Structures are given as C-alpha cells and as structure tokens.
Amino acid sequence: MKYIHAIIGMVIIVVGCAFLSTTIEEAPVRNVMLKVYGAIIVSIGFFYLKKIAKFGKQ
C-alpha cells in the first residue's frame, strides 16, 4: 500500500511540474496563474508523500 501512495504522490508532483513549466506567450496573467497552481499542486504532492505515504521516514 505504501508503494501505491508513493506513486500517487509522485504523479501529483509531476502534474504540478507540468503546470510550472507551461507558458502561454500572449497571456502573462494566465502564466502567473499557471505557476501559482503548479506550485500549489507540487506542495500538495510533497505533503501527500510526507504525511500520507510516510515517504520521508524510513
């Protein structure tokens, strides 16, 4: 079960990184919104790995 939670947490982080790396050339406000959403999703992924999957403690 721990491995399933670890995979879910890593998928969440990958999705957040995809939001962080996305840029739209003609919409600077939307770029900032995507970066903020990406940062929030990555932090949720790290929280998921640390608290739910207990990936940080071996």
Side-chain angles (χ1 to χ4, degrees):
M1 197 66 175
K2 184 176 181 179
Y3 294 114
I4 294 172
H5 286 297
I7 291 171
I8 292 170
M10 288 180 194
V11 168
I12 292 171
I13 291 173
V14 167
V15 169
C17 288
F19 276 112
L20 282 172
S21 66
T22 303
T23 57
I24 301 171
E25 292 189 20
E26 297 179 3
V29 175
R30 184 142 182 182
N31 282 337
V32 172
M33 289 175 51
L34 285 175
K35 304 292 182 196
V36 170
Y37 292 154
I40 290 170
I41 292 172
V42 167
S43 64
I44 288 171
F46 281 127
F47 175 77
Y48 186 88
L49 281 177
K50 186 171 175 104
K51 295 292 182 180
I52 296 173
K54 295 179 178 71
F55 201 69
K57 299 177 183 175
Q58 297 294 331

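Quantities reported herein were computed from a predicted structural model and do not represent experimental measurements. Here, residue 1 is the first one in the sequence, and each next residue gets the next number. Every heavy atom of this structure was used, including side-chain atoms; hydrogens, water molecules and symmetry mates were not.
Between the CD1 atom of I12 and the OG atom of S43 there is a distance of 10.5 Å, given to the nearest 0.5 Å. Interatomic distance, I7 CD1 to L49 CG, rounded to the nearest 0.5 Å: 11.0 Å. Distance CE/M10 to OH/Y3: 10.5 Å, rounded to 0.5 Å. Distance CG/L20 to CD1/I13: 11.5 Å, rounded to 0.5 Å.
Put simply, Y48 and F19 are part of the same group of oily side chains (I, L, V, M, F, W, Y) that touch within less than 4.5 Å, one to the next. Neither F47 nor V15 shares a network with the other; the hydrophobic side chains, linked directly or stepwise wherever heavy atoms of I, L, V, M, F, W or Y lie under 4.5 Å apart, form separate groups for each.
Nearest heavy-atom pair, K35 versus T22, reported as atom, atom and distance to 0.1 Å: NZ-O, 3.4 Å. Closest heavy-atom contact between I24 and L34: CD1-CD1, 4.0 Å. In terms of heavy-atom proximity, H5 sits nearest to I52 at ND1-CG2, 3.9 Å.
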